[in-house]
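Working notes, structure below.
These numbers come from the heavy atoms of this one structure, side chains and all, not from hydrogens, waters or symmetry mates.
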Amino acid sequence: AYLGGVFERLRHDKRWGTTDHYLYNVHTLDRLDQIAPVAERADNGVAEALFGHLAHNWGVYARHTQAELALIGEGKYPSQRAKPPRAMTEELAAAGPDFWLYRLRHRAICPTSHGPRRGDECWRASGELQRRLGSRTRRAQDFLPVLLPIDGASEASLRPLLDALDVRGELVPTSFRVQDASDVATRISEVYADLTEKTLTQHVKPLYRELFTLLVGSQAAGGPVLADVPVAARTPAGLQFLPARDVIYAAVSGSRERSGLQDKLNTFVIEAEARALRPLRDLFGMPFLEDALTWMVRPVETSLGPAEQAEF
């Protein structure tokens, strides 16, 4: 997989088709095969220790983040050069991230509020993240995996390491993914499992509205991939969390009451929210009340007299 990525980056190099390719400057990390599986387990402190080691020694590691290939042309034989063979400057090509860094990016070694995660699965603590998901009484890290602080490492000193491991930065729609939406919705159902009208108004509804804002423009192949994710619903038995596919959304204000079925259906706790229409339909697979209802005339005895009927 690593070589496939290297070749894909370099196949447009004009030297590619007329040269032999050699891994020239590539490194790995000793004992990573033993350390990483243990670091990926929660609550043993290994991820924190490994990540702290990387942070405090990044000055050394940073010198070896880029791999190099040697592209040797026809009629040139590295074995006939000095020992060890050296590539000429014009034969070298940047090959992207070094092998050890590639391996770290694909392991869950970043300590977060939700346990060890891969770099591209977790977030840096930021004011924007707290503004969107937090409040005076709730923490943003309860709803998304946020990187834990490292003792003795400042935000500025950590930034090169976080960039190298693809740890995500500001929480904005362009960086928010469908899997993140699943994480947030699932955590809402866990944090507010004993749902009340007060927590619904103060916490759950604001979080859902922010979730739909972040999902603007998001798409997923293969249909409603979040159909089994729990969402808050009003049911005949009261407020509950149910799979999205089992909940109905009232897309038009007041249609739930006009239907006369408000006490007989499982309806989403938010209605007539413009930003929610597309995510609920395409991602959560939630049926709309207006589509589920069929309106029909039910004739009754006329209230008009003969003269009034003639005029009508």
Side-chain angles (χ1 to χ4, degrees), residues 1-17 19-40 46-72 78 84-112 115-126 144-148 150 153-172 174-177 179-180:
Y2 175 73
L3 288 175
V6 170
F7 294 163
E8 181 64 26
R9 279 187 290 272
L10 290 175
R11 66 185 180 88
H12 298 297
D13 190 300
K14 61 183 180 181
R15 300 169 290 174
W16 189 253
T19 56
D20 291 326
H21 322 130
Y22 295 86
L23 288 173
Y24 184 71
N25 190 12
V26 181
H27 304 84
T28 189
L29 289 179
D30 290 339
R31 304 296 180 185
L32 185 60
D33 288 333
Q34 290 76 35
I35 296 172
V38 182
E40 290 175 331
V46 176
E48 289 86 342
L50 175 58
F51 202 85
H53 168 78
L54 293 170
H56 294 303
N57 294 279
W58 189 246
V60 175
Y61 287 112
R63 285 176 261 170
H64 306 286
T65 58
Q66 293 296 311
E68 287 183 315
L69 255 67
L71 307 180
I72 309 301
R86 299 284 182 185
M88 300 177 184
T89 302
E90 63 272 16
E91 295 173 333
L92 294 177
D98 208 340
F99 186 44
W100 69 270
L101 182 56
Y102 171 87
R103 297 182 71 196
L104 282 181
R105 286 178 177 176
H106 287 78
R107 302 306 298 252
I109 53 91
C110 297
T112 79
R117 294 290 184 95
R118 282 181 9 178
D120 61 357
E121 295 174 339
C122 63
W123 300 84
R124 310 178 196 200
S126 70
L144 281 176
V146 178
L147 193 71
L148 299 177
I150 302 300
S154 66
E155 181 179 345
S157 65
L158 275 176
R159 190 174 298 120
L161 169 60
L162 304 188
D163 290 342
L165 292 178
D166 293 335
V167 177
R168 288 187 281 174
E170 292 295 346
L171 180 60
V172 293
T174 53
S175 61
F176 195 74
R177 303 170 187 164
Q179 182 56 49
D180 299 319

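In this structure, Arg124 contributes its side chain and Glu155 its backbone to no donor-acceptor pair below 3.5 Å. Judged purely by atom type and a 3.5 angstrom limit, Arg103 has no side-chain atom pairing as donor or acceptor with the backbone of Thr28. His21 places a side-chain N or O within donor-acceptor distance of the main-chain N or O of Thr19, the cut-off being under 3.5 Å. Using a distance-only test at 3.5 Å, with no hydrogens or angles considered, a donor-acceptor pair links the side chain of Arg168 to the main chain of Ser175.
When side chains are defined from C-beta on, Leu69 counts as touching Trp16, because their heavy atoms get closer than 4.5 Å. Using a 4.5 Å heavy-atom cutoff, the side chains of Leu23 and Phe99 are not in contact. Within the 4.5 Å cutoff, no side-chain heavy atoms of Val146 are placed close to those of Cys122. At least one side-chain heavy atom of Arg107 sits less than 4.5 Å from a side-chain heavy atom of Pro37. Counting heavy atoms from C-beta on, the side chains of Leu101 and Leu165 come closer than 4.5 Å. With contacts defined as side-chain heavy-atom distances shorter than 4.5 Å, the pair Leu32/Leu104 qualifies. The side-chain heavy atoms of Leu171 and Ser126, taken from C-beta on, include no pair separated by under 4.5 Å.
For the atom pair CD (Glu90) and CE (Met88), the distance works out to 6.0 Å, reported to the nearest 0.5 Å. The CH2 atom of Trp100 sits 7.0 Å away from atom OG1 of Thr65, with the distance rounded to the nearest 0.5 Å. Interatomic distance, Glu121 CD to Asp180 CG, rounded to the nearest 0.5 Å: 9.0 Å.
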- Task: Show your reasoning for whether side chain to side chain contact (heavy atoms under 4.5 Å, CB included) applies to Leu147 and Phe51.
- Result: CA-CA 11 Å; Leu147 193 71; Phe51 202 85; 4.1 Å; yes
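Scored by the side-chain contact (heavy atoms from CB on, under 4.5 Å) test, Arg63 finds Val60 as partners (sequence neighbours excluded). Legend: residues meeting side-chain contact (heavy atoms from CB on, under 4.5 Å) with Ala87, ordered by chain and number and at least two apart, are Tyr24, Ala70, Glu91, Leu92. Take Asp98 and apply the salt bridge (Lys or Arg N to Asp or Glu O under 4.0 Å) test, not counting sequence neighbours, and it matches no residue.
Between the side chains of Tyr2 and His106, no donor-acceptor pair of N or O atoms lies under 3.5 Å.
Of all heavy-atom pairs spanning Ser157 and Pro160, the tightest one is O-CD, 3.4 Å. Across every non-hydrogen atom of Gly96 and Gln66, the tightest pair is O-OE1, 3.2 Å. A pairwise comparison of heavy atoms in Leu71 and Ala93 identifies CD1-CB, 4.0 Å as the closest pair. The two residues Pro145 and Thr112 make their nearest non-hydrogen contact at CB-OG1, 3.5 Å. Heavy atoms only, all atoms of each residue included: Ile150 and Gly52 are closest at CG2-CA, 3.9 Å. Nearest heavy atoms, Ala153 versus His56: N-CE1, 4.0 Å.
Checking each of Asp166, Asp163, Asp120 against Arg105 for a salt bridge (Lys or Arg N to Asp or Glu O under 4.0 Å) leaves exactly one that passes, namely Asp166.
Using the six-membered ring where Trp is involved, Tyr61 and His53 have ring planes that are perpendicular, over 60° apart on the 30 and 60° scheme.
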